[in-house]
Amino acid sequence: MDEIQRTLLKEVADLDALPVGAYNIRANGAAAGRNSTANIEIVPKEDKPGIEIYIKPGTKKESVHIPVIITQTGLTDLVYNDFYIGEDCDVTIIAGCGIHNCGGELSQHDGIHTFYIGKNSKLRYVEKHYGSGDEVSKRVMNPTTIVHLDEGANMEMETTQIAGIDDTDRRTEGDLKAGAMLVVKEKILTTGVQKAKTYFNVDLNGEGCSANIISRSVAKENSWQHFDSRINGNAPCAGHSECDSIIMDHGCVTASPQLTANDIDASLIHEAAIGKIAGEQLMKLMTLGLTEKEAEEQIVNGFLK
Amino acid sequence: MLELKNVGFVADGEVEILKDVSLTINERFVAITGPNGGGKSTLAKLIAGIYEPTSGQILLDGVDITHMSITDRAKLGVSYAFQQPVRFKGLQVRDLIRLAAGRKITITEACNYLSEVGLCARDYIDREVNASLSGGELKRIEIAMVLARGTKLSVFDEPEAGIDLWSFQNLIHVFEKMYEETRGSILIISHQERILNIADKIVVIRDGEVTKYGTRDEILPELLESADAGNVACDVLTQKIK
Ligand SMILES: Nc1ncnc2c1ncn2[C@@H]1O[C@H](COP(=O)(O)OP(=O)(O)OP(=O)(O)O)[C@@H](O)[C@H]1O
Ligand SMILES: [Mg+2]
């Protein structure tokens with residue numbers, strides 16, 4: 001692994017060395033390292049690119065790292081990763097994709113991740129997207145995440161994409177059985193002429209299940225973002241989505257939330273706010289001695305922290 | 001020394017809010033009081049650079065700051081605790097204290113500023129300065145930021161508003177301590193007798209004009225008298241209670 005690949009790995013998975021526990025590292029479309037443990041088995045798919053990850057019931061306090069890095073220009077990488085998480089687990093999965101591209105052609109990673117989360121299991125899923133390189137070489141990422149939560153299962157998904165990616169089309173779909181809970185925290189920053197589209201569809205099918213989708217985003221310069229969420233309450237359940245965006249320069253954000261209640265006891269809420277940084281926030285920080293530019297930076301960093 | 005020379009401020013090109021305000025503030029502790037809408041906060045904003053005067057001049061230690069930016073004034077040593085503190089989604093209390101201090105400070109240092117304003121530091125240092133903080137908590141954090149800056153001129157806009165009765169005395173101590181420990185001047189906008197009581201000098205602003213300016217002993221008795229006289233309804237009530 002070279003220096004650039006190491007930097008990418010550090011950015012997306014916070015790894016300086018090989019991780020502890022189970023891992024699968026994919027570099028330029030091929031496997032670059034894999035490790036299974038007593039409780040977590042990683043096997044390559046036979047019919048298509050990707051892996052299957054099996055986590056034994058009752059596995060607690062273990063983690064899986066599955067970073068993907070691309071440094072080859074002109075590469076389009078498509079993977080299917082399926083996660084089978086047994087009952088009563090408590091695990092963390094750290095995914096992430098870093099593309100370094102300055103070869104002039106488009107590099108792209110499309111990851112299709114499907115999760116089957118067993119009864120009463122708890123999963124924390126962290127996904128970070130990072131891009132570097134020059135301005136002409138495009139970097140594209142289209143992640144699809146499909147989650148099936150069994151009774152009492154609990155998933156917290158944190159996704160971050162801070163600049164560097166020219167085009168992204170994110171899709172997140174979920175269905176929940178009774179008592180299950182899904183929390184999604186998404187952070188997106190776009191600059192230049194970047195485009196980011198994010199789509200959520202969550203079916204709340206079981207009694208007492210709940211979903212909370214929180215998206216915070218900043219669109220700078222001439223970038224463009226589209227937030228589209230659909231929460232369907234098909235049982236007595238609670239759904240909440242929140243899209244909070246700051247636009248700067250000529251940034252553009254569309255938020256189109258949709259709530260559907262199919263059950264009299266479905267309680268669904270959506271909040272959306274789009275606007276520039278409040279003048280009084282800038283002023284307050286300027287009275288602390290920051291320049292307007294520094295104040296903006298602090299406000300944006302804090303907002304996406 | 002802060003000097004205002006014939007300062008006027010017209011908002012949106014038509015509403016005259018301050019008229020020909022001249023003041024020389026040389027004392028360490030000066031209180032500004034006066035009726036609601038009189039122009040006190042406007043004056044504070046002119047000093048901090050949030051508004052620019054439409055006429056007149058403002059000097060800080062002889063330096064003309066009339067048209068200086070908010071940032072440059074802050075760097076020169078002006079601090080301003082807002083009447084209505086600003087909330088920030090995502091920024092934590094520790095971030096604001098660090099930005100106020102203008103350098104990397106330890107958690108212990110940041111906590112000390114919070115403790116001074118009566119906040120149990122451990123509970124607050126990691127809190128987001130968002131809508132979840134109560135009004136009184138926010139006011140205290142606003143004061144802590146000015147303490148962390150420790151500049152030569154600190155302007156507080158109704159710092160006592162929203163601070164509970166039990167903490168009021170502690171707040172007075174904060175200002176007394178600040179008075180003793182720093183060498184700067186403190187300018188407090190307040191409606192509270194107990195704060196006016198510790199001021200060296202008192203300014204009264206009414207209808208955009210300075211109507212009184214003098215030592216506490218000159219101004220306070222008059223003020224209290226006129227306040228009592230104007231309080232007919234209250235009189236009736238006291239009679240009833242008797
Ligand atoms: N930007 C503005 N545009 C128009 N009118 C304004 C503006 N700012 C302040 N005013 C008006 O100027 C007057 C003085 O306001 P200011 O906030 O300075 O009063 P204050 O003395 O601080 O009052 P309080 O004791 O209620 O805080 C008020 O009548 C207010 O409505
Ligand atoms: Mg005021």
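Proteins get letters first, then strands, A, B, ... in listed order; numbering begins at 1 in each. Just so you know, these numbers come straight off a predicted model, no measurement behind them.
With a threshold of 4.5 angstrom between heavy atoms, Val146(B) does not approach chain A through any atom at all. With a threshold of 4.5 angstrom between heavy atoms, Leu76(B) does not approach chain A through any atom at all.
Minimum interatomic distance between Ala74(B) and Leu288(A) (heavy atoms only, all atoms of both residues): CB-C, 4.2 Å.
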Between chain A and chain B, which donor-acceptor pairs sit under 3.5 Å apart?
unit_1	atom_1	unit_2	atom_2	d
Thr71(B)	OG1	Leu290(A)	O	2.8
Tyr80(B)	O	Lys284(A)	NZ	2.9
Arg87(B)	O	Gln281(A)	NE2	2.8
Lys89(B)	NZ	Asp244(A)	OD2	2.2
Gln92(B)	OE1	Lys305(A)	NZ	3.2
Asp95(B)	OD2	Lys305(A)	NZ	2.6
Glu142(B)	OE2	Lys284(A)	NZ	2.6
Arg149(B)	NH1	Leu288(A)	O	3.0

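Residues satisfying the side-chain contact (heavy atoms from CB on, under 4.5 Å) test with Ser115(B), not counting sequence neighbours, are Ala121(B).
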